[in-house]
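Have a look at the structure below, then the notes.
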Amino acid sequence: MRLLQLHCNNFEYTPTKKEISSAEEIEPETKSLDNVVVTFVAVEKGDDKSVARKAINEIKESLQKIGCKKLLLYPYAHLSSNLASPSLAFSLLKEMESLATDLDVSRAPFGWTKSYKLEVKGHPLAETSKSITKGTTDDEISEAVKSEEKIKSYWYILSPDGTMQEFDKFNFSKHPQLEILAKYESAKKRSVDETPPHVKLMKKLAIADYEPASDSGNMRFYPNGRLIKSLLEKYVTDKVLAYGGIEVETPIMYDSHHPSLESYFNRFPARQYNIHSEGKSLILRFAACFGQFLMAKDFQLSYRNLPLRLYEMTRYSFRREQSGELVGLRRLRAFTMPDCHAFCKDMKQAIEEFKKRFDLSSEVIHGVGLDNSDYEMAIRFTEDFYKENKQLIQDTVKKIGKPVLVEMWKEKFFYYILKWEFNYIDNLGKASALSTDQIDVENGKRYNIEFVDEENKPKNPIILHNSPSGAIERVIYALLEKAAKDAKEGRKPHLPLWLSPIQLRLIPLQPEFNEYCEKLANTLTSAEIRTDIDDRNESIGKRIREAETEWIHYILVIGEKEVNAKNLNVRERISGKVNEISIDELISDIKKQNHGKPFSKLNQSRYVSKRPQIMV
RNA sequence: GCUUCGAUAGCUCAGCCUGGUAGAGCGUUACCUUGGUAAGGUAAAGGUCGCGGGUCCAAUUCCCGCUCGAAGCUCCA
């Protein structure tokens, strides 16, 4: 059954003619209702009295929340492409009406073509849609949603020495960032009108920008941004493959009514992009979970094959966040996220895997250029899991080497019993999750993923959900915010060398040195150094200044001296020094810094004079 | 979604309060300049002042509505 519920200032309808032969016998007359909740109802195949009962209970609940007592049930076939027979639909509607006599209830006639006029109120709960189906999964969901509201969490700070203190008793004086994370919910107001530093930087460095012609939160990436993203994607993928991940690719859209998916989707009804195509209702994925689960379900699995680690760099995952929540590269509606699921035969194996993935995530997050002081960890688990796995949790915190925020649940109410994240705290005191991992004990069953165990019995695996870096865009956000912090505190802002769109710039003093620069650039390029040449007819001072503002690590002015001497004069941006060194020394120095990181060629014309200006 | 703010040249913005159809810097183009480690000079081109309505002799400016955007809040598996 599908419901669309509108809280109206006024609703007026007029039956015009019978649409079907089994239409209700009535005198067609215009009815007008004030301050009424109109619920459009489509009864679907498979619905029965229990569904009608469930539906009317949910409707009552929401009316109570809104504080309205007048209800109009309005038969409305257009909400579904899988309608029940008219006779069943009519009887269930009457059933719902009879179950709501404690309200001021009325019902629009069934089987008639009607015209209507309405004015919907402007409050957040005025418009809701619901899908109600028979069966256990949906019971579980509504239970889950209910228990989510009632959930009891206890908050602690767990220190590396193993002491766990209630969070309001903890002394945060040495851990201001952790305090921000811990108190994030109650965070104070910040100065208005301040654009987050990374938003300015992403434009200034021609990395990314808003695309007004798309939906908000869908960014455009300029050549620099695409290069940075692609390097990060390669880096993370390489690390996951080294850990044992197996890369796959899954569709970005799914049938909303697929039985295994429906219950999963309905839990977050406001958060998806919906697409209608050829009568099908499709949703865009918000992670790779279901794609990989559906794939794993079709694999023939033995306990010998586990742990099985499926991995995808999702370009894209979509989440239709509320428009006001979107910020630059921090929170998007379309983003690229590594998503790696490990299917494990039992909790013992899951815990072993959990440790590996924790180390993987730490390595990745440090590899991309963030260090221990840039993020704070939060770990959440059920009380039961904690009791049985104290040592594991304490060991994990020891690895971080500083206190972490703990949320402990009395009971399990999500599909996971443990979840941790690394949170980046930015210049405006905002916390955003980067790496994360979860131990999922439900979806193996929900998706019918089975393996055969040592005793030849089918079992559902425990599934770990890991994003070793978090969203790639969010990594760029964190790196830019970190650079902004450096600038604020008097250090030179920069991106890690391996991620810099241009690593080295040659500035010929005069056009006659262009040819020499070209040769030099060939040498440096073949040594995997992204090199370009600023051949514009501008003063030396100006070209150096612009190279500095583009955060180019190495600047080489090429003139008579260089052409005739063995050594080069290399301006190293971070130190601000000009060193005279040989080309071999320069190459080996840069190679050392980029060791273990992927390389991509220059994603621009080599000559600055040939490039379009990106004015943002 | 709520609140607030905004929309003027390719970009960043001034002008609006006090109405008389626009200005700067950067960028672009042309010319001059051939410069040794953070901005060389001159000139030119470039605008239906977001859209619609109202007031007025006259609206970029005042008023109303709309659209789009941003920030904050709420939220964030």
Side-chain angles (χ1 to χ4, degrees), chain A residues 121-128 144-145 148 184-196 199-200 203-204 206 209-217 264-265 267-268 270-272 286-287 289-290 317 319-328 330-333 339 380 413-416 419 421 423 428-433 436-438 440 442-443 465 467 471 474 492 505 507-513 534 536-550 552 554-562 569-573 576-580 609 612-616:
Chain A
K121 286 179 185 283
H123 64 78
L125 298 173
E127 301 165 294
T128 52
V145 172
E148 187 174 348
Y184 191 55
E185 302 291 320
S186 59
K188 65 281 145 203
K189 273 202 159 184
R190 279 168 290 272
S191 59
V192 199
D193 275 355
E194 192 176 350
T195 310
V199 174
K200 280 187 183 157
K203 295 179 182 206
K204 200 194 95 172
D209 202 0
Y210 301 109
E211 174 50 80
S214 180
D215 192 23
S216 341
Y264 205 57
F265 295 161
R267 243 172 115 157
F268 308 102
R271 299 272 231 88
Q272 296 131 25
F286 45 88
C289 302
F290 16 97
S317 287
R319 300 185 188 183
R320 225 206 56 209
E321 308 288 8
Q322 295 181 76
S323 59
E325 294 168 2
L326 305 166
V327 193
R330 185 167 87 84
R331 196 94 184 269
L332 297 167
R333 281 183 172 170
D339 202 356
R380 303 151 205 270
F413 70 101
F414 286 126
Y415 52 78
Y416 46 83
K419 172 185 194 253
E421 329 101 36
N423 292 279
L428 303 180
K430 285 278 194 181
S432 316
T436 175
D437 202 4
Q438 303 165 0
D440 169 359
E442 274 184 13
N443 283 309
H465 302 232
S467 185
R474 198 171 265 189
K492 284 208 172 168
R505 174 163 289 171
I507 303 181
L509 212 53
Q510 289 173 24
E512 60 185 282
F513 302 116
D534 189 349
R536 293 171 307 162
N537 180 17
E538 299 288 353
S539 68
I540 292 296
K542 180 163 180 176
R543 284 183 281 169
I544 288 171
R545 184 187 137 82
E546 289 195 4
E548 286 278 347
T549 59
E550 287 177 50
I552 296 170
Y554 296 95
I555 303 167
L556 277 68
V557 175
I558 303 298
E560 198 124 6
K561 253 197 290 183
E562 285 72 16
N569 285 305
V570 179
R571 182 181 165 116
E572 206 267 320
R573 181 164 171 273
K577 285 186 192 145
V578 181
N579 301 317
E580 196 184 322
S609 68
Q613 289 274 324
I614 299 172
M615 300 299 302
V616 281

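The chains referred to below are lettered A, B, ... by the order of the sequence lines, with proteins before strands, and numbering in each begins at 1.
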Could you tell me whether the side chain of [Y] reaches within less than 4.5 Å of the side chain of [X], counting heavy atoms only?
| X | Y | result |
| --- | --- | --- |
| A/R571 | A/Y554 | no |
| A/Y210 | A/K203 | yes |
| A/V327 | A/P196 | yes |

Discussion item. Please check this pair: side chain of A/E562 against backbone of A/G559, looking for a donor-acceptor N/O pair closer than 3.5 Å.
Written reply: yes
Rounded to whole angstrom units, what separation is found between the [atom1] atom of [X] and the [atom2] atom of [N]?
| X | N | atom1 | atom2 | result |
| --- | --- | --- | --- | --- |
| A/R331 | B/C73 | CZ | P | 12 Å |
| A/L326 | B/G1 | CG | C1' | 12 Å |
| A/Y210 | B/G6 | OH | P | 18 Å |
| A/R330 | B/C73 | CZ | P | 9 Å |
| A/Q438 | B/A77 | CD | P | 9 Å |
| A/K200 | B/A70 | NZ | C1' | 12 Å |
| A/Q613 | B/G46 | CD | P | 21 Å |
| A/D209 | B/G69 | CG | C1' | 12 Å |

Worksheet entry | Comparing A/K419 and A/S214 on RNA chain B - which has the more 5′ nearest nucleotide | A/S214
Drop me the distance from [X]'s [atom1] to [Y]'s [atom2], to the nearest 0.5 angstrom.
| X | Y | atom1 | atom2 | answer |
| --- | --- | --- | --- | --- |
| A/N569 | A/L556 | CG | CG | 8.0 Å |
| A/R573 | A/E550 | CZ | CD | 10.5 Å |
| A/K204 | A/T549 | NZ | OG1 | 5.5 Å |
| A/E560 | A/F513 | CD | CZ | 5.0 Å |

Taking only the [atom1] atom of each, what is the distance from [N] to [M] in whole angstrom?
| N | M | atom1 | result |
| --- | --- | --- | --- |
| B/U8 | B/C16 | C1' | 11 Å |
| B/A44 | B/U3 | C1' | 47 Å |
| B/A70 | B/U12 | P | 13 Å |
| B/C73 | B/C66 | P | 26 Å |
| B/G41 | B/C51 | P | 37 Å |
| B/U37 | B/U42 | P | 23 Å |
| B/C75 | B/U67 | P | 27 Å |
| B/U34 | B/G40 | P | 14 Å |

Discussion item. If you count heavy atoms of other groups shown closer than 6.0 angstrom to NZ of A/K492, is the number above 12?
Written reply: yes
Worksheet item: Per the side-chain contact (heavy atoms from CB on, under 4.5 Å) rule, which among A/V570, A/D534, A/I544 passes with A/V557?
Response: A/I544
Worksheet item: Given the rule that a pair is Watson-Crick or G-U wobble with both distances under 3.5 Å, how would you write RNA chain B in dot-bracket, using | for pairs to a different strand?
Response: (((((((..((((......[..)))).(((((.......))))).....(((((..]....))))))))))))....
Discussion item. Applying a 4.0 Å non-hydrogen cut-off, can you work out what A/T436 is touching in the nucleic acid: base, sugar-phosphate, or nothing?
Written reply: nothing
Discussion item. With a 3.5 Å cut-off and heavy atoms only, can you find an N or O donor on one side and an acceptor on the other between the side chain of A/R319 and the base of B/C76?
Written reply: no
Fill in: Residue-phosphate contact under 4.0 Å: A/K430 side-chain N/O, B/C75 OP1/OP2
no
Discussion item. Using a 4.0 Å heavy-atom cut-off to protein, can you give one letter per nucleotide of nucleotides 31-41 of chain B, 5' to 3': B if the base is in contact, S if only the sugar-phosphate is, - if neither?
Written reply: -BBBBBBBBS-
